[in-house]
Every structure is written in structure tokens, then in C-alpha cells.
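Worksheet: one structure, shown below.
All heavy atoms count here, side chains included; hydrogens, waters and symmetry mates do not. Numbering of ligands and ligand atoms starts at 1, following listing order.
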Amino acid sequence: MATLGEVLIDLLEGYGVDHVFGIPGVHTVELYRGLAASRIRHVTPRHEQGAGFMADGYARVSGKPGVCLIITGPGMTNIATALGQAYADSVPMLVISSVNARTQLGKGNGHLHELPSQQGLVAGLTAFSHTLMQAEDLPAVLARAFAVFDSTRPRPVHIEIPLDVITADASALARQAPARSRRPVASQVSIDDAAALLSRSRRPLILAGGGAVHAAAALQGLAELLQAPTALTINAKGLLPPRHPLLLGSTQSTGPVRALAREADVVLAVGTELGETDYDTVFDGGFALGGALIRVDIEAAQLSRNFAPACTVLGDSADALQRLTDSVRRIPAPHAIAAPGDAPWGTGRVHAVREALEAGWDPALRAQRHYLQTVLDELPDTLFVGDSTQPVYQGNLAIDMPGPRRWFNSSTGYGTLGYGLPAAIGAQLAAPGRHVVSLIGDGGLQFTLPELASAVEARLPVIVLLWNNQGYGEIKRYMQQRGIAQIGVDIYTPDFQMLARGFGCDSCRADDAESLRRALRQAAGSARDRPLLIETSEAQWLRAWQSTLRST
Ligand SMILES: Cc1ncc(C[n+]2csc(CCOP(=O)(O)OP(=O)(O)O)c2C)c(N)n1
Ligand SMILES: [Mg+2]
């Protein structure tokens, strides 16, 4: 006989799952029975929030769902924050948990790990949460989960399995073929309508988001055909290469780009909800669109979020962008060609915006951009996995990446602290052989610091760049700006380097560009199988950077 727990592992393997993240408990050991005989690697975090963030980082880099095995009750309350982050950023994640036996559900008899309604807790954080009441339903429920990952806006999915179902005989279900689906494509009428609008445009603008992360070539092709300035959300960084003459970067919250957005006569928004953490990071409601808005999205509800569209295209973004390009090419009207005497729109306007932004960046931004640029210069293949800290915000604004899926962080969407280290662990598992850098502050790192032990155990060479300002710097700045007494923001910070060594990691300090380069060069030059923590003092980095400026 094969139990449902064993068959589950077999079916997951059939779906291409190669990693699972979880902490076993008496409620889930039967989910683990089949693991040893499979090719799936189990990675053990030190807290279920870490499991969720690891699965998130793994998913964003690999494009495949991150899978977690979680115990009833406290395991699920612990992973809830990670579900919130993945939900907000459209990350595919499959959380499989136990739940009390079928006859005990909802009774409140005080069984181990019991919640009044575990499903009620998770329902608002997932595309769906399903209680598997009978073993035979498993293949259909997995098919439903993968349909969410494959063919609509990806979101976390939760499947909870009652204790008596996990051990049920499920031999009859073994070796079922996985049910996969494709992304739906847009109707031709919608493509033609959008192409007609675009072809009449004199001042087009493209806004691309994480929903276009697989559509780099098609996006670039259409941007070049239209000569359209193109802004990328943080999750879309890398869709146009750095220094591309039409690339505005991720600068939608800045004055010059807002002015451009108001002047554009047609705006094509692709795979973006036009949400606050990308378009209004200054929280003043100042992002406005002057022209007709075309929206392309895989999910119908996204087509009208935040800004009402004049025209909608419901379907896969890569397909839609390619067909829009073909359609616009077939329309004879000259598109986006400036009339004589007009200021050049496309590349000319982007150049002017870039120059204005460059002249306006404050010294703190420049110094922190230099910090990130030093890493990119030294390790050009780096993937940056960020928390919510100063250099992440500055990089969000002022760093362009050479490819997609290489810059993401928890300052977008849900905006939780503690993401940067465990998500980098997941990213490193999805990209072995690449340099994965976790960008994290002293506050954020103290949320999930024990995950250093998980990285050591999994023998991962993650590089943790710790930006230390002995406090919740961003919030301190807010309090200062608003004239509020600074309470709760100057936090005690431990000796991180000593702690890192205690966890079995390497660690060093780098307070200027030369010592950072040296540390990274050493890290790159050796075959490391454990994390390296590099600590930088904000104050010292700024001082060192200012003194280099004075001496040049
Ligand atoms: C779970 C959670 N709690 C609180 C916050 C509010 N918050 C946002 S940024 C920040 C400061 C983080 O400090 P640190 O990681 O040291 O970065 P710094 O701002 O100092 O660069 C805080 C407390 C949050 N985003 N998430
Ligand atoms: Mg700090």
C-alpha cells in the first residue's frame, strides 16, 4: 500500500517539483515518508516564515512554484506573512499543511495545534485554500493549484490534509500524469483595437510590470517600433537592458517621469497593477496619466485596478506584445514620428529625463548606488535579493539590471521585513553557481538571522550584504521629517560578524569601496560552500565615499 503522503510526493515530482521547504512535526511526518525515495531536496528553515520566504525567492528566480510542507496551527500562523508577500507580488507558491482529523474539525476540543478554522486564517492570503476531505481528490486539487500557477495571475495556494487522510491508502492514485495548462492568449479584436490606438499615438509610453517578466524580447521589440519611453516596475527590472535609449528605469515616482506620463497621449500598461509601491513611493498621489490607457494583463480584475483603461487586452503578455507589434507594423499610419519642430519624444525625451534625474539624486542615493554598483562591477552575474532597507530603495530607483529575475525585494507590495536573507537562500537554490547577494539592514536581519544556520546546513554560498545604521533608519527619517520624537527606532544591534561566525559563516567588514571589492573578489575566487556576511557601516561608507569625491 502507498499512503496519501507518499503518493503526494510522487505526484509533486511529476509536476517538476525539485525542492520543498519545511519543518516537520508529529502532524506532518507522514508527508515526509515518501521523500527519501524521491529526487526532491528538502531544505529545513529555522522558522516557517523562513520556509515561505525561501519558497518565494526560489519561485521568483526559477519561475516555478516554491513548495512548502508545514504543520497544522503554529506552522501556518508562522508562514502567514510570507504568504502575504507572495500574494501581493504574484508569486506562485504551494503550501501543503496538515490539519486535525476530519471528525475533529471545527469542534474546538483542544487538540494539538488546533485552530478554530485554519482555512479561515489562510483564505485571504491565497488564490484558494482547500481541505482535502478524501484521498481521491488529490490529483484534481493539485491540477487546480497548477492551473493557477500556469495560466492566470500566480498566487499562493494552500492545501490542508486532515491527519486521517494523510495516512489513507492512496495506491490507486500513484503515477497519475500531471495536468498542465498554457497561458490563455488575447482575442484578435482586442489586439487590433489596441494596435489602432498605438499606431495613432505621437507620444506613447510603456509601463511594464512583473507580469511581463517572461516577455523581454517582445517588450523591447514593441518599444523600439513605437519609439516609446519605457518604465519598468521593480519586479520588471532587466526587461530592457541598462543604457537602452528608451529605458526610463523604475523612476515612476519622480517628477520628470510623472511629467512625461501626463504628456503621453497613449499609455500601454503591461502586467502591472499600477500600484503605489512602484508608482507612488512618495505617497502623494501624484502619478497621473494624461492619455488613453491600454492595459494588458492575464487577470481580468487587474485590467481596471488603480487606473481605468480605454482599451483592454486580456491574455498572456509575451503573446500580446508580439501580436501588437505585428499588428502595428501592418497599419500604414506613421506612428510616433515627431512632426517637424516637435521636441523629439522617444529617445530624446528619455535622455532628457535621465539627465534631469541624474542631476537631482542626493548624495545619500549616489553613495548607496555606488555600493550596489561596486558589487555589480565585481560580480557582474549577481542576483540581488533585497529586504526593506536604504540601499534597496536607492537601487529600486537608480539601478538597472542586465536581465530579468535579478532584482527583487520586500519593499514592494506587502513590504515586510525579514525577507532578504531567506529569500536569497531560495534564490541560490534556484540558481546554483550564480552570485546571490542578500541586501539587508540591521533591523531586517534581526527578524530572520537564524536562517544563516539553514544556509550553512544547505551549504549555500549566499553573500549577505549588511547595511548597518544601528536602527530602523527609514522610519527614523520619517519621524524626523514629521517632527515626531524618535522613539523605538534606535535599536540595540548585536555583533553581527561574531554571530555569523557562530552560525558557521564567514564574515568581514567593508566600509569603503576598496575593502568591499577585496571581500567580493575573495568570495568569487574561492569555491565556497557557506555564506559570507559582509558588514558595512552606513556612516563610514558615506564618509569614505565623500572623501573619494573630494580627492578626485
Ligand atoms: C514586519 C514589519 N515590521 C515593521 C515594518 C516597518 N519598517 C519598514 S522599514 C523599517 C526599518 C528597517 O530597518 P533596517 O532593516 O535596519 O533598514 P534601514 O531602514 O535602517 O536601512 C521598518 C521598521 C515593516 N516594513 N515590516
Ligand atoms: Mg538599519
Mind checking whether [X] and [Y] have parallel, tilted or perpendicular rings, split at 30° and 60°?
{"X": "F21", "Y": "H19", "result": "parallel"}
{"X": "H370", "Y": "W545", "result": "tilted"}
{"X": "Y419", "Y": "F53", "result": "perpendicular"}

Just checking: G471, one of its N/O/S atoms, less than 2.8 Å away from the Mg ion (ligand 2), yes or no? yes

May I ask you to check if any N/O/S atom from Q390 comes under 2.8 Å of the Mg ion (ligand 2)? no

Stepwise, does the side chain to side chain contact (heavy atoms under 4.5 Å, CB included) test hold for L219 with L240? CA-CA 8 Å; L219 180 74; L240 252 61; 4.0 Å; yes

For ligand 1, what are the residues with a heavy-atom contact below 4.0 Å? S388, T389, Q390, Y393, G415, T416, L417, G441, D442, G443, G444, F447, N469, G471, Y472, G473, E474, I475

Between N396 and S411, is there a side-chain donor-acceptor contact under 3.5 Å, judged purely by atom types and distance? yes

Testing the 3.5 Å rule here: is there a donor-acceptor pair between the side chains of S410 and Q85?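 Their side chains do not contain a donor-acceptor pair, so the 3.5 Å distance test is not met.
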
Among the N, O or S atoms that D442 has, which is closest to the Mg ion (ligand 2)? OD1

Tested for side chain to side chain contact (heavy atoms under 4.5 Å, CB included) against I234, the lone hit among W407, Y393, F408 is W407

